[in-house]
Novice: 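Mind looking over this structure? Questions follow.
Each ligand, and each atom within it, is numbered from 1 in the order the structure gives. Computed from a predicted model, the values in this text were never measured in an experiment.
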Amino acid sequence: MRNFGTRYGSFSRDGTEYIITTPETPRPWINVISNGDYGFTVSQTGGGYSWRTHAQLNRLTRWEQDLVKDEWGKFLYIRDEKENLWSAGWKPVCGTPESYRCRHGVGYTAIESKNFGIETVLLMFVPNDAPLEVWRLTLRNRSRRTRTLNLYTYLEWGLGQAPDWHREFHKSFAETAYDAASHAVYATKRLWEVPTDRGHWNTGWPYVAFHSSSLRPSSFDTDRESFLGRYGGVAHPAGVRMKKLKRRSGNWLDPCASLHHTLVLKPGESTEIVYTLGCAASKPEAAELAARFAAPGEADRALEDVAVRWRSLLETVHVATPDPSMDLMENIWLKYQAISGRMWGRTAYYQTGGAYGFRDQLQDSQLWLSIDPELAKRQLLLHARHQFDDGTVYHWWHPISEVGLRNRISDNLLWLPYVMNGYIQETADFTVLDCREPFVDNASGATMYDHCVRAVESALGRFSARGLPLIGEGDWNDGLSAVGLDMKGESVWLGHFLHRILLDFSAIAARRGDASRAGLFTSRAAALRESLNTHAWDGRYYYGATKDSGEKLGSSSDTEGSVWLNPQTWAVIGGVADLSRARAVFDVVEKELEFEIGPLLLHPAYTTPDRFIGYLTRYSPGMRENGGVYTHGATWAVIAAAILGRGESAHRIYSKLNPVNRGKKPDVYCAEPYVTAGNIEGPESPFYGRGGWTWYTGSAAWLYRVGLEWILGVRATFDGLIVDPCIPAAWKGYTVRRLFRGAEYRITVRNPSHVECGVQEFSVDGGGMAKTAGTRYASLPVFPAGSAHEIVIVMGGV
Ligand code: GLC
């Protein structure tokens, strides 16, 4: 495995770690570590924050967004007998370590450093089954003399929510205590900023936070003022110079937690101390958890369990292609990012998040389809419960408080039938359509089939007189927030998207025996296709939208934003464009939108805010939706290329979006090379090529999916798996191993004639199979669960 090294780091040999070799990366390079409930972020400096269930509403430790300083974290100071002071991460002391490595792994991060002859390894992870994080600190004396080391942990309590600008208010409700028996400090809070039936500001935080250690502390403090010192700071706090901390606890403090230990290490000697930081339901539970992880060997066992869980999640699909950077992404990092970062954590440095986006987590949950489709189903049911009786949905909602935002963004509701179709293609589980779920405003609810149908019919009810869907407060592109406020403006992308859903869902309706709906959806699809091709065609490509005034956007008559990406890619994906138009619009994508960094969401960027378009035009030119590469949307270009059989294009675009490749110029790209960026700045930005908003929604699950399903072509259909390779002609072949409906498919694709797509012949377990006439792909049968099969596919002229 190539390790793609730069001056900041490289992948480990097996690709499961990214090893950063200096704390001074161009931006914080973080890990998002979660077990699905509890989680924390950690950067290569040691910065980061912790939460349970919701990273914003239920933040355990204080953090304020500052990617320049990266100064908020949970820190560990070490002072030796000569008064040398350093930290186990680089922050906050920022010393000059003799060596430094931060290894971000799948489910853990380890920071290894050596300072003044003392080696430390601080390994942090979240056990599968406990609401806490473990920090296992190993210290080794590499010097020739006996050393006396004082260790001080430090973190500031958030206890629900405690934004910095409201610190004096929030601290008035917190209470801390020390318990010598469990070597732990505890913290509670008598106020939580969530609305209840007894009013705002009027409920307690129903948890007990704790911070404990396996060794008995020599002292502790929970008061920031005494620990930091008046007007002191985290780099050189007063506490770490004291023989003993002040042992303050109770109410009335600005609450923090610090445990102090004194250790003596002979030359060559090493020792280990295990800390926990957690969020329990009660004090007894917290004490029990503290005791559990103080027991020798428990942290190591829990870490092994984490590795086993991640292996089983990641191993369900495995690919081996001539492109090692693609293998790294498909086999490990995209899955890890989508699960840990998006499904579980829903948080990272660029957006604290914590909520569920109606469309966001549905799209992200597509990741589960090839790994554990039951979890995709659960997500579908959860989102159905956040739909209203009239078919419309929340744009987002907060777990815990259930507060949601209902708006007139027009695509949200359609992701329910879209992802439902994907789930049924994967599983053939039509019974999901009979599951009943309530609506937000109607407890008696309806079947999932009805939930989906209501979404489609609600969308069909919002059309302009000439038969195009209304954009409302935006379509997938949130930044088009003012295009259709008067409910007159139209969205072309939404038309393409809806067309796809009408076709897919009419097939589901037909299989369910609902012939009238199947008929209705097919005829509405035909009418929509006609309207799009008549009214949304700009001459060379599809324009993007019309404003309430009727003015066209994303049209060649515009000087800014004159060509948009999604209306072209989805004309192909949605099946709206015929072959010649599909080819023509894709040529436009390649010639006018595709840059060195990937296809831009639109071009040229808007330079002047337009209050009749929305906040998209207010972004600096080239940033985010305003003319940058928006990874989530850009991945769809790979699908369009594959549909057209353009293997070179599909893989080239994938490669441009692949963070491993972007990260080859780390001082330009700046962002982490192991996870996708939400966006990369476009040509109008002086920082052209700079990545940002890493670990963001949409990007990882989609990039994974387009790689596996559209380049490698392994796609689920109601009737079985198909293999439809669409690859660079230079590739000699590749393999994919995946589970499908319980059976293992070991697929080998050969490309002896060096074509970009097209299957010539294939065999299953050595027996030649007949290709379905008129297709370019291989249709594989559904095998009994538990069986394993060898499939050999030979590409060639068809
Ligand atoms: C952000 C939003 C997502 C939206 C996209 C494009 O990623 O979370 O819902 O589709 O931006 O505006």
Novice: Given Asn31, which partner from the list Tyr336, Tyr674, Tyr18, Trp695 fulfils the side-chain hydrogen bond (donor to acceptor under 3.5 Å, both in side chains) test?
Specialist: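 Only one of Tyr336, Tyr674, Tyr18, Trp695 forms a side-chain hydrogen bond (donor to acceptor under 3.5 Å, both in side chains) with Asn31, namely Tyr336.
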
Novice: Taking only Lys NZ, Arg NE, NH1 and NH2, and the carboxylate oxygens of Asp or Glu, determine whether Arg359 and Asp478 approach each other closer than 4.0 Å.
Specialist: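 Judged by the 4.0 Å cut-off on N to carboxylate O distance, Arg359 and Asp478 do form a salt bridge.
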
Novice: I need the Ile471 CD1 to Thr546 OG1 distance, nearest 0.5 Å.
Specialist: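 Rounded to the nearest 0.5 Å, the CD1-OG1 separation comes out at 8.0 Å.
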
Novice: Salt bridge between Asp389 and Arg454, side-chain N to carboxylate O under 4.0 Å?
Specialist: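 Looking at Arg454 together with Asp389, the answer is yes, because their closest N to O distance falls below 4.0 Å.
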
Novice: Counting each atom of ligand 1 from 1 as listed, which ones have a heavy atom of Glu625 under 4.0 Å away?
Specialist: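 Near Glu625, the atoms of ligand 1 are 6 (C), 11 (O), 12 (O).
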
Novice: Could you tell me whether some N/O pair between Arg624 and ligand 1 is separated by less than 3.5 angstrom?
Specialist: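 Among all N and O atoms of Arg624, none is under 3.5 Å from an N or O of ligand 1.
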
Novice: What is the closest protein heavy atom to atom 5 (C) of ligand 1, and at what distance does it sit?
Specialist: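 It is Tyr630 OH, 3.6 Å.
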
Novice: Measure the distance from atom 2 (C) of ligand 1 to every protein heavy atom, then report the residue, atom name and distance (to 0.1 Å) of the closest one.
Specialist: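 Its nearest protein heavy-atom neighbour is Asp478 OD2, 3.5 Å.
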
Novice: Using a 4.0 Å cut-off to any heavy atom of Arg359, which atoms of ligand 1 qualify?
Specialist: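 Once the distances to Arg359 are compared, the set is 3 (C), 4 (C), 9 (O), 10 (O).
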
Novice: Looking only at side-chain N and O atoms, does Gln65 offer a donor or acceptor that is under 3.5 Å from a partner on Thr352?
Specialist: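 Looking only at side-chain atoms, Gln65 and Thr352 do not form any donor-acceptor pair under 3.5 Å.
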
Novice: For atom 3 (C) of ligand 1, what's the nearest protein heavy-atom neighbour? Residue, atom name and distance, please.
Specialist: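 Ranked first by proximity to atom 3 (C) of ligand 1 is Asp360 OD1, 3.2 Å.
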
Novice: Out of all atoms in ligand 1, which are within 4.0 Å of some heavy atom of Asn477? Include the element for each.
Specialist: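 Going through ligand 1 atom by atom, the ones under 4.0 Å from Asn477 are 12 (O).
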
Novice: Would you mind listing which atoms of ligand 1 come within a distance below 4.0 Å of any non-hydrogen atom of Thr697?
Specialist: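 Answer for ligand 1: 7 (O), 8 (O).
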
Novice: Of the listed options (Trp476, Tyr615, Trp396), which comes nearest to atom 6 (C) of ligand 1 when hydrogens are ignored and any heavy atom counts?
Specialist: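 Checking each option, the heavy atom nearest atom 6 (C) of ligand 1 is found in Trp476.
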
Novice: Salt bridge or not between Arg62 and Asp164? Use side-chain N to carboxylate O under 4.0 Å.
Specialist: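 So Arg62 pairs with Asp164 through a salt bridge.
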
Novice: Under 4.0 Å between a side-chain nitrogen and a carboxylate oxygen: does that hold for Arg385 and Glu437?
Specialist: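 Looking at Arg385 and Glu437, the cut-off is met.
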
